[in-house]
Amino acid sequence: PYSLGRTILDYDARRSAWLAAHPEFPTRVPPAGRPRVLVVTGSAPARCPDPDGDHLLLRAFKNKVDYCRVHGLEVFYNTAFLDAEMSGFWAKLPLLRTLMQTHPEVELFWWVDSDAVFTDMLFELPWERYEPYNLVLHGWAAKVFEEKSWVGINTGSFLIRNCQWSLDLLDALAPMGPRGPVRDRYGELFVQELSGRPPFEADDQSALIYLLVSQRSRWGDKTFLESTYELNGFWEGIVDRYKELRRKGRPSDLRDGRWPLVTHFVGCKPCRRYADSYPTDRCRRGMERAFNFADDQILRLYGFEHESLNTTAVQRVRDETGEPLDADDEELGRLLHPTFRAA
Ligand code: UDP
Ligand code: MN
């Protein structure tokens, strides 16, 4: 069967040895000692056939850059097909594998789809909670293990630890992904084995659910399914609520009405004509609102906001004083780079 490359053995010991020899690259970073994280995202090598597509990708990446700056996270954007067999949504597999080996200093990789938008700029992941796990996805155990639902998890935004277990997981997924007849055959298998799975070629999300269900003892213990906040939030139920969310303010605890961390435009494909599962207008308007809702959180620090969630035009909302910003305002202060915040 297809493989991602030479089997890697003994990785944990080799990584530990490297880390011991390079104390200048600790796997935990200040100020709070959270794990070192690399946000990984990407899009196709070719330009979008839709005239709007690349501009949407630019704005989606601008949004990620904003979130990463506020939280002090590094980001990697890939546009290369590292492996011709692993095209489309499978491209993340060879990418994560090679990044793991090249960045032993990174403890967690955070894959974020190009069509996933950060919509709560201040939300910091509860890193401590994930300490015992190697894989963190948004989802529900009952939906995965009882219903075998193909949407029991979502692979648009997930964390994966830099370790042997993760390399093994990538190796276990890869044989289901090579494009052509193999990918088609696994697509048919997933239709049979998973509930609600429409017929189309094998995707990495279905493959992961299939592995979790069929080899639970091998993968289940180290996989954490998060559902207390939207590590991945499905756009349809979110995009019309931004105004209301903003009016109510940002809850700082677990109260209902917490802002969605991620709004993911699943099924909207601005770069693939005719492939949308939803009306293009609705996708397009929803994206505009998500970008502007997120951007307003950033612009507020600089004294501006959008005139409405549906327009790119901005207006000034704070008088210019000529004074350096006094970050006494608790929420504005948190938008500053963590290095300044720590002072
Ligand atoms: N992707 C990529 N290169 C490609 C196609 C896709 O890197 O040629 C990435 C991109 O980040 C995209 C993700 O794979 O967001 C998953 O695909 P998509 O978002 O279209 O799937 P959906 O979330 O709608 O199921
Ligand atoms: Mn996506």
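For the numbers below, each heavy atom of this structure counts, side chains included, while hydrogens, waters and symmetry mates do not.
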**Q.** W110-F158 aromatic ring centre distance below 6.0 Å
**A.** no
Q: May I ask you to decide whether R36 forms a salt bridge with E74, counting only side-chain N to carboxylate O separations under 4.0 Å?
A: no
**Q.** Interatomic spacing from OH in Y11 to CH2 in W165 - rounded to 0.5 Å
**A.** 14.5 Å
Q. Does the side chain of L169 reach to within under 4.5 Å of the side chain of W219, using non-hydrogen atoms?
A. yes
Q: Ignoring hydrogens and angles, tell me if any N or O in the side chain of S214 forms a donor-acceptor pair with the backbone of Y210 under 3.5 Å.
A: yes
Q. Any side-chain donor-acceptor pair under 3.5 Å between S206 and Y186?
A. no
**Q.** For H55, all residues meeting side chain to side chain donor-acceptor pair (under 3.5 Å), sequence neighbours excluded
**A.** none
Q | W150 ring center within less than 6.0 Å of F200 ring center | A | yes
**Q.** K92 side chain to T155 backbone, donor-acceptor under 3.5 Å
**A.** yes
Q.
With heavy-atom distances below 4.5 Å as the criterion, would you say the side chains of M121 and D66 are in contact?
A. yes
Q) Does any non-hydrogen side-chain atom of L125 lie less than 4.5 Å from one of Y229? A) yes
Q) Is there a donor-acceptor pair under 3.5 Å between the side chain of S166 and the backbone N or O of R161? A) yes
Q: Sort and list the pairs that fulfil salt bridge (charged side-chain N to carboxylate O under 4.0 Å, His left out) and have at least one residue in residues 210-222, not counting sequence neighbours.
A: D168-R218
Q) Below 4.0 angstrom, N of the basic side chain to O of the carboxylate: do D295 and K62 qualify? A) yes
Q: Answer yes or no: is there a donor N or O on one side and an acceptor on the other, between the side chain of K64 and the main chain of S114, under 3.5 Å?
A: yes
Q) Between Y278 and W235, does the ring centroid distance fall short of 6.0 Å? A) yes
